[in-house]
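Order of the sequence lines sets the chain letters (A, B, ...), proteins ahead of strands, with each chain counted from 1.
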There are 2 protein chains.
Amino acid sequence: MSTIKQVASQAGVAQSTVSRVLNGGSVSKRTQERVLHAIETLNFKPNTLARSLATNRTGTFGMVVGDLAGPFFGSLMQEAEAVIRQHDKLLIIARGNSRATGEREAIEYLREKRCDVLLLQVDELTDAELIALSKDIPIVVMNRHIPELAGQCVYLDNQLGAELATSLLIERGHRHIAHLSGPMTRRDSQQRVAGFHAALARQPHPLEPAAIVEGDYQVEGGYAATCKLLADGVRFSALFSANDNMAIGAIEALREHNLRVPDDVSVIGFDDVFFARHLTPKLTTIEYPVAELGRIAAERALKLMDGTLEPTGLAPLAPRLITRESVINHQDADDTHI
Amino acid sequence: MSTIKQVASQAGVAQSTVSRVLNGGSVSKRTQERVLHAIETLNFKPNTLARSLATNRTGTFGMVVGDLAGPFFGSLMQEAEAVIRQHDKLLIIARGNSRATGEREAIEYLREKRCDVLLLQVDELTDAELIALSKDIPIVVMNRHIPELAGQCVYLDNQLGAELATSLLIERGHRHIAHLSGPMTRRDSQQRVAGFHAALARQPHPLEPAAIVEGDYQVEGGYAATCKLLADGVRFSALFSANDNMAIGAIEALREHNLRVPDDVSVIGFDDVFFARHLTPKLTTIEYPVAELGRIAAERALKLMDGTLEPTGLAPLAPRLITRESVINHQDADDTHI
DNA sequence: ATCATATTTGGAACCGTTTCCAATATCAAA
DNA sequence: TTTGATATTGGAAACGGTTCCAAATATGAT
């Protein structure tokens with residue numbers, strides 16, 4: 001590995017001059033050529049570490065996600081990384097585990113690595129904590145809306161998504177609709193529940209929820225919650241699951257109780273993860289534009305570095321209904337078990 | 001952010017002494033206490049960049065994977081990161097895109113970041129290229145066996161996996177078995193094909209493959225390849241797909257041609273990705289212990305750093321048959337379409 | 001107390017870059 | 001030419017640590 005010093009002596013100039021051609025200072029055409037030639041022949045690559053130490057900027061973005069595996073975060077990382085990479089920056093990722101201590105540790109870790117910006121998908125930290133953090137280091141908040149940090153938040157309109165889902169079920173003639181929610185400590189769960197209520201209430205003859213049962217956003221939780229619903233004797237012809245994972249569990253639970261999907265019970269999910277279209281029946285769901293989320297968050301982060309970020313808030317991302325096979329008209333059901 | 005200099009003056013010692021208590025040099029108990037106290041009150045955290053510049057070691061491991069999304073690489077990253085993190089090192093990840101140039105760029109990128117070790121999951125680079133690379137920088141090779149780099153390779157016995165799958169189908173009475181392979185440029189595809197052949201040949205009355213058709217390891221490729229199989233009029237009662245993704249596509253194609261799975265055609269996959277158990281029918285498949293792969297690769301990488309890696313090769317990881325619903329006895333099929 | 005030896009400490013060079021400041025070269029106008 | 005302004009260059013001090021070497025101090029045996 002050759003150093004700037006070697007390049008300088010090879011080209012017969014001072015270190016500072018080499019540095020200037022590297023970073024676009026003013027150098028004469030002649031010396032510029034000489035230096036570039038020396039760089040070429042020595043195959044010189046500036047040492048990132050030394051540069052970072054001198055400039056106090058690392059060109060590294062840090063991202064905190066709940067989990068490294070899983071289709072949702074996978075797409076998020078994939079897209080954000082692509083954008084950031086295009087700008088010759090590095091994205092490093094730390095897992096927050098969806099627990100407050102884990103999230104704090106992850107942030108601490110990334111700061112120790114001297115990231116220039118942080119992209120955060122955190123569920124457990126308070127708004128106040130994030131606002132305080134943003135005074136120390138530039139941050140972009142994903143999947144969450146904090147009014148004080150308007151320009152730095154990229155998030156989905158969860159309530160709208162839930163309304164879309166619920167409205168579809170109502171339109172299809174369902175009157176007894178149950179909701180399988182995420183953990184109620186989480187804001188997105190709350191918003192989806194709110195959307196569920198809103199859609200029911202908006203009807204000419206407002207409907208009551210058949211039931212709302214809390215899950216954990218995992219397949220197992222969806223399975224367990226649905227079993228509970230059935231054990232409690234709740235009557236419903238349609239189920240709105242707050243995410244696709246739980247919808248899988250729900251469908252399996254229904255099947256085991258000899259209820260067919262969608263003939264006996266219609267099911268709608270949320271997220272449109274990769275495998276939703278490959279389930280049987282193909283899952284009707286709400287698309288969560290997660291790739292777009294990743295892209296926009298990365299772009300905001302880049303602007304935050306430039307200082308070109310206007311602090312006006314962005315409109316939330318729009319969820320979209322994806323109609324497949326798991327929801328049918330209530331009257332079409334050939335065995336109206338309700 | 002406080003510096004080592006401040007700590008030194010606060011504690012009334014030299015910088016070098018502070019450095020010693022940080023890195024475990026010999027210091028008297030008394031001064032050690034003074035220094036630790038100063039570190040505490042100043043909330044001093046050593047600057048990683050400066051340290052790396054001085055020591056020429058970054059404590060960073062680099063990993064190249066084909067893709068950031070996707071269940072397979074997700075688990076791999078997840079597990080490797082956990083292990084590496086436990087040892088207070090950082091894992092950074094670059095996407096190789098399963099193309100030679102992409103893989104080279106990813107490696108180049110990680111080297112520029114001055115990673116201490118590289119964990120590589122690369123399909124397109126030649127053995128020779130990797131052997132050459134390993135002279136420059138310590139590497140661990142995943143999913144691939146290079147005899148010259150025995151101790152640094154962690155890989156699955158693909159052929160055994162394919163034999164397991166094929167043997168199951170044979171045991172279940174199938175005699176016309178088709179194979180949906182991965183891209184034949186890839187070694188794992190070749191090995192799985194070899195295993196397929198080996199299992200067929202090992203029978204008292206050796207069987208011929210009904211067909212071998214090449215896919216791309218994606219759902220779409222599996223779908224297309226299966227359609228082709230059917231269009232060509234190939235007769236088969238069982239299909240061995242070289243991975244679960246393609247098995248999904250295959251099942252969808254079969255359905256569209258009014259063939260039921262498993263009643264008309266048994267299907268077995270490979271990998272046991274997360275959603276395999278959630279398909280209908282639940283997919284019988286070969287477990288690829290990818291988490292274990294990630295863990296072992298990370299451990300090897302750590303040893304490589306210590307210099308405690310004994311160069312003796314490891315036994316390949318063992319695939320395992322996971323029996324679910326998508327394979328049944330041939331004679332049980334209620335409509336023997338062959 | 002003395003000496004030899006082992007342990008602890010301080011000082012300074014170094015890692016590879018950027019950047020500030022002063023020095024020099026260049027050039028157009030007087 | 002000289003002058004002044006401007007563009008280009010070199011030198012040296014950072015950035016925040018580690019590490020080598022020599023000096024200082026402590027330890028223990030005689």
Side-chain angles (χ1 to χ4, degrees), chain A residues 1-39 42-60 88-90 111-116 137 305, chain B residues 1-60 88-90 111-116 137 305:
Chain A
M1 281 278 130
S2 48
T3 73
I4 201 175
K5 208 169 291 186
Q6 293 171 26
V7 173
S9 79
Q10 163 100 0
V13 297
Q15 267 189 56
S16 41
T17 302
V18 177
S19 177
R20 263 178 232 114
V21 347
L22 250 31
N23 301 303
S26 77
V27 277
S28 74
K29 194 123 173 61
R30 239 176 62 75
T31 48
Q32 166 146 353
E33 272 166 15
R34 278 225 310 283
V35 169
L36 287 178
H37 183 254
I39 287 177
L42 289 173
N43 186 28
F44 165 73
K45 300 256 164 56
N47 181 323
T48 325
L49 293 167
R51 177 179 290 199
S52 298
L53 182 58
T55 58
N56 200 29
R57 317 238 268 82
T58 55
T60 299
D88 280 316
K89 314 253 180 226
L90 175 68
R111 296 191 65 182
E112 198 167 295
K113 291 297 170 191
R114 298 241 169 354
C115 293
D116 292 339
I137 181 174
M305 290 305 307
Chain B
M1 281 277 132
S2 48
T3 73
I4 199 176
K5 209 169 291 185
Q6 294 171 23
V7 172
S9 79
Q10 163 99 1
V13 298
Q15 264 190 58
S16 43
T17 303
V18 178
S19 177
R20 262 176 234 116
V21 347
L22 250 31
N23 303 303
S26 76
V27 276
S28 75
K29 192 126 174 59
R30 237 177 64 73
T31 49
Q32 165 145 355
E33 272 166 15
R34 277 225 310 283
V35 170
L36 286 177
H37 182 255
I39 287 177
E40 183 78 17
T41 63
L42 290 174
N43 187 29
F44 166 72
K45 302 256 164 56
N47 182 323
T48 325
L49 292 167
R51 177 178 289 196
S52 298
L53 182 59
T55 58
N56 200 28
R57 316 239 266 82
T58 55
T60 299
D88 279 317
K89 313 252 180 228
L90 174 69
R111 294 191 66 184
E112 197 167 295
K113 292 296 169 192
R114 299 239 166 1
C115 293
D116 292 340
I137 181 174
M305 289 304 308

| field | Leading and trailing nucleotides of DNA chain C with any atom under 4.0 Å from heavy atoms of chain B | value |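 So the contact region on DNA chain C extends C/dT8 to C/dG16.
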| task | Have a look at B/Val18 and say if it touches a base, only the backbone sugar-phosphate, or nothing, with a 4.0 Å heavy-atom cut-off. | result | nothing
| Mind checking what makes side-chain hydrogen bond (donor to acceptor under 3.5 Å, both in side chains) contact with A/Asn23, not counting sequence neighbours? | A/Ser19
Please output the side-chain donor-acceptor pairs of residues 47-54 of chain A that fall under 3.5 Å, not counting sequence neighbours, one pair per line with the distance.
residue	atom	partner	partner atom	Å
A/Asn47	OD1	A/Leu49	N	2.7
A/Asn47	OD1	A/Ala50	N	3.2
A/Thr48	OG1	B/Glu112	O	3.1
A/Ser52	OG	A/Thr48	O	2.9
A/Ser52	OG	A/Arg57	O	3.3

| message | By the side-chain hydrogen bond (donor to acceptor under 3.5 Å, both in side chains) test, which pairs, at least two apart or in different chains, include something from residues 30-39 of chain A? | response | A/Ser28-A/Thr31
| note | Judged by nearest nucleotide, the residue sitting upstream toward the 5' end of DNA chain C, B/Ala54 or B/Gly12, is B/Gly12
For [X] and [Y], which heavy atoms make the closest approach, and how far apart are they?
X        : Y       : result
A/Gln10  : A/Ala38 : CG-CB, 3.5 Å
A/Leu22  : A/Phe44 : CD2-CE2, 3.7 Å
A/Arg114 : B/Met1  : NH2-SD, 3.6 Å

| Run the side-chain contact (heavy atoms from CB on, under 4.5 Å) check on A/Arg20 and A/Thr17 step by step: do they pass? | CA-CA 5 Å; A/Arg20 263 178 232 114; A/Thr17 302; 3.6 Å; yes
| request: Begin with the C-alpha distance, continue with both residues' side-chain angles, and end with the deciding distance and a verdict on side-chain contact (heavy atoms from CB on, under 4.5 Å) for A/Val35 and A/Val27. | output: CA-CA 10 Å; A/Val35 169; A/Val27 277; over 6 Å; no
| message | Measuring to OP1 and OP2 of D/dG17, would you say a side-chain N or O of B/Ser19 lies under 4.0 angstrom away? | response |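 No, outside the criterion.
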Which whole-number value in Å describes the distance from [X] [atom1] to [N] [atom2]?
X        : N      : atom1 : atom2 : answer
A/Leu53  : D/dT18 : CG    : C1'   : 13 Å
A/Arg114 : D/dG16 : CZ    : P     : 8 Å
B/Ile4   : D/dT19 : CD1   : P     : 11 Å
B/Met1   : D/dG17 : CE    : C1'   : 15 Å
B/Arg57  : D/dT18 : CZ    : P     : 12 Å

| Student check: side-chain heavy atoms of A/Thr60 and A/Lys113 closer than 4.5 Å |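 No. Closest side-chain heavy atoms not under 4.5 Å.
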| request: Please examine the side chains of A/Thr58 and A/Leu90, heavy atoms only from C-beta on, and report whether any two atoms are closer than 4.5 Å. | output: no
| request: Go along nucleotides 20-26 of chain D 5' to 3' and tag each nucleotide: B for a protein heavy atom under 4.0 Å from its base, S when only backbone or sugar atoms are that close, - otherwise. | output: B------
| What's the spacing between A/Asn56 CG and A/Asp116 CG if we round to 0.5 Å? | 8.5 Å
| field | Positions of residues 21-43 of chain B (non-hydrogen atom under 4.0 Å from DNA chain D), listed by number | value | B/Asn23
